[in-house]
Amino acid sequence: MKPKFSHKPVLLEEVISLLNPSSGESILDVTVGLGGHAEKMLKAIEGNGTFTALDADKANLEASNDRLSQYSCKKDYIHSNFINLSSLNL
């Protein structure tokens, strides 16, 4: 599902610089939104990394799944609010 609007991730380079993701790492994005930050992280962990995405908005999960489908690392999408994180057994 393609979003009906465009979205530019805020502070993208600063976030990536701070997190410094690298090949093979596991990433948990608890507010994946439309996948802007996630796309940059997936480029860094590509290959045997794992990516888990949460979002309370099912449409956001679908849009980010479409956006990130080109990356080969293992990906899981969970429709939930991050407030439920402790009960998700991740």
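Along the sequence shown, the residues carry numbers beginning at 1.
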Heavy-atom side-chain proximity of Glu39 to Gln70 below 4.5 angstrom: yes
Within-4.5 Å side-chain heavy-atom neighbours: Pro21 and Ile16: yes
Within 6.0 angstrom of Lys75 NZ, more than 12 heavy atoms from elsewhere: yes
Closest approach of Ala38 to Leu68 (non-hydrogen atoms, all atoms of both residues): CB-CD1, 3.8 Å
Min side-chain heavy-atom separation Leu28-Leu54 under 4.5 Å: yes
Nearest heavy atoms of Leu61 and Ala53, plus distance in Å: CD2-O, 4.0 Å
Nearest-0.5 Å distance that lies between atom OG1 in Thr31 and atom CG in Asn60: 10.0 Å
Side chain to side chain contact (heavy atoms under 4.5 Å, CB included), paired with Ser87, selected from Leu85, Asn84, Leu90: Asn84
For Thr52, the option from Ile78, Leu88, Val32, Ile27 that meets side chain to side chain contact (heavy atoms under 4.5 Å, CB included): Ile78
Step-by-step side chain to side chain donor-acceptor pair (under 3.5 Å) determination, Tyr77 to Glu62: CA-CA 9 Å; Tyr77 295 89; Glu62 292 172 7; over 6 Å; no
Least distance between heavy atoms, Cys73 atom then Gly49 atom: CB-O, 3.0 Å
Gap between atom CG of Asn48 and atom CD of Glu46 - 0.5 Å precision: 10.0 Å
Check: His37 side chain, Val10 main-chain N or O, donor-acceptor pair, under 3.5 Å: yes
